[in-house]
Amino acid sequence: QVQLVESGGGLVQPGGSLRLSCEASGRTLSSFAVGWFRQAPGKDREFVAAISWSGGRTSYADSVKGRFTISRINAKNTVYLQMNSLKPEDTAVYYCAARQAPRGTRSPYDYPYWGQGTQVTVSS
């Protein structure tokens, strides 16, 4: 079992930045690929970004490519999502998720472990 806790959400103006953290406990995160997903009210949970267990491979949704960066520090058991040039349409609850495999995927159904989520609101 691995437990995940997200932090770093909040209210930010359009064009601003936030960095989300996903800290793991219970198991070493270096054995897990990690994905970030988000869910806005009334919408399905959607893929944002994923990173392999080594950190060598990353993937992004087209909607965030060039603005968001996923990274990890396995020694800290933590994965990050740096979000720049935020837009109102980025407003959602952001979740990190883990799967015990080398590479992440874009499907939320491939991830058995989830955090509780952190709210990101982009508004002036």
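Here the structure is a predicted model, which means the values were calculated and not measured.
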remark   = The complete set of salt bridge (charged side-chain N to carboxylate O under 4.0 Å, His left out) pairs with one or both residues in residues 41-61, sequence neighbours excluded, reads Arg38-Glu46

request  = Please examine the side chains of Pro88 and Ser123, heavy atoms only from C-beta on, and report whether any two atoms are closer than 4.5 Å.
outcome  = no

inquiry  = Is there a continuous path of hydrophobic side-chain contacts, each under 4.5 Å between heavy atoms, that joins Val34 to Tyr94?
reply    = yes

note = For residues 58-92, the ring-ring contact (aromatic ring centres under 6.0 Å, His included) pairs (sequence neighbours left out) are none

task = Answer yes if Trp36 and Val64 sit in the same cluster of Ile, Leu, Val, Met, Phe, Trp and Tyr residues linked by side chain heavy atoms under 4.5 Å apart, and no otherwise.
result = yes

query = Do side-chain atoms of Arg72 reach the backbone of Ala33 as a donor and acceptor pair under 3.5 angstrom?
reply = no

Partners meeting side chain to side chain donor-acceptor pair (under 3.5 Å) with Ser17 (sequence neighbours left out) = Asn84

ask   = Is there a donor-acceptor pair closer than 3.5 Å between any side-chain N or O of Asp110 and the backbone N or O of Thr105?
value = no

request  = Grab the two heavy atoms, one from Gly104 and one from Ala50, that are nearest each other, plus how far apart they are.
outcome  = CA-CB, 4.2 Å

Any Leu81 side-chain heavy atom under 4.5 Å of Thr69 side chain = no

key: Heavy-atom pair with the smallest gap, counting every atom of Lys76 and Thr78   = O-OG1, 2.7 Å

query = Tell me, do Gln13 and Val122 make a side-chain contact under 4.5 Å, heavy atoms counted?
reply = no

query = Which residues pass the ring-ring contact (aromatic ring centres under 6.0 Å, His included) test with Tyr113, sequence neighbours left out?
reply = Phe32

message = Test your reading of the model: is there a side-chain donor-acceptor pair from Asn74 to the backbone of Gly55, 3.5 Å cut-off?
response = no

remark   = Gln3 meets the side chain to side chain donor-acceptor pair (under 3.5 Å) criterion, sequence neighbours left out, with none

ask   = Does any pair with a residue in residues 15-64 pass disulfide (SG to SG under 2.5 Å), and if so which ones, sequence neighbours excluded?
value = Cys22-Cys96

query = Side-chain donor-acceptor pair under 3.5 Å between Ser30 and Thr28, yes or no?
reply = yes

note = Applied to residues 58-70, the salt bridge (charged side-chain N to carboxylate O under 4.0 Å, His left out) test, sequence neighbours excluded, yields Asp62-Lys65, Arg67-Asp90

request  = Write out all pairs satisfying salt bridge (charged side-chain N to carboxylate O under 4.0 Å, His left out) with one or both partners inside residues 94-103, taking only residues at least two apart or from two chains.
outcome  = none

request  = Find out if a path of hydrophobic residues (ILVMFWY) with successive side-chain heavy-atom gaps under 4.5 Å connects Met83 to Ile51.
outcome  = yes

query = Any chance CD of Gln1 has more than 12 other-residue heavy atoms, nucleotides or ligands included, within less than 6.0 Å?
reply = no

key: Reported OG-to-CG distance for the pair Ser25 and Leu4, which is rounded to 0.5 angstrom   = 8.0 Å

request  = Evaluate side chain to side chain contact (heavy atoms under 4.5 Å, CB included) for Thr118 paired with Val93, printing each intermediate quantity in order.
outcome  = CA-CA 5 Å; Thr118 186; Val93 177; over 6 Å; no

query = If you look only at pairs with a residue in residues 44-93, which of them pass as a disulfide (SG to SG under 2.5 Å), with sequence neighbours excluded?
reply = none

request  = Using ring-ring contact (aromatic ring centres under 6.0 Å, His included) as the criterion, list what pairs up with Tyr95, not counting sequence neighbours.
outcome  = none

task = Check whether any side-chain heavy atom of Ile70 lies under 4.5 Å from a side-chain heavy atom of Val48, and answer yes or no.
result = no

remark   = Looking only at heavy atoms, the pair that brings Leu18 and Gly8 closest together is CD2-O, 3.8 Å

request  = Would you indicate whether the side-chain heavy atoms of Glu6 and Ser21 approach each other to under 4.5 Å?
outcome  = no

ask   = Got a sec, which residues hit ring-ring contact (aromatic ring centres under 6.0 Å, His included) with Trp114, two or more places apart in sequence or on another chain?
value = Phe37

ask   = Which salt bridge (charged side-chain N to carboxylate O under 4.0 Å, His left out) pairs, counting each pair once, include a residue from residues 13-31, with sequence neighbours left out?
value = none

note = In short, Ser31 meets Trp53 closest at the heavy-atom pair O-CE3, 3.2 Å

inquiry  = Tell me whether Thr91 contacts the main-chain N or O of Glu89 through its side chain, where contact means a donor paired with an acceptor under 3.5 Å.
reply    = no

request  = With rounding to the nearest 0.5 Å, note down the distance linking CD in Gln82 to CG in Leu20.
outcome  = 9.0 Å

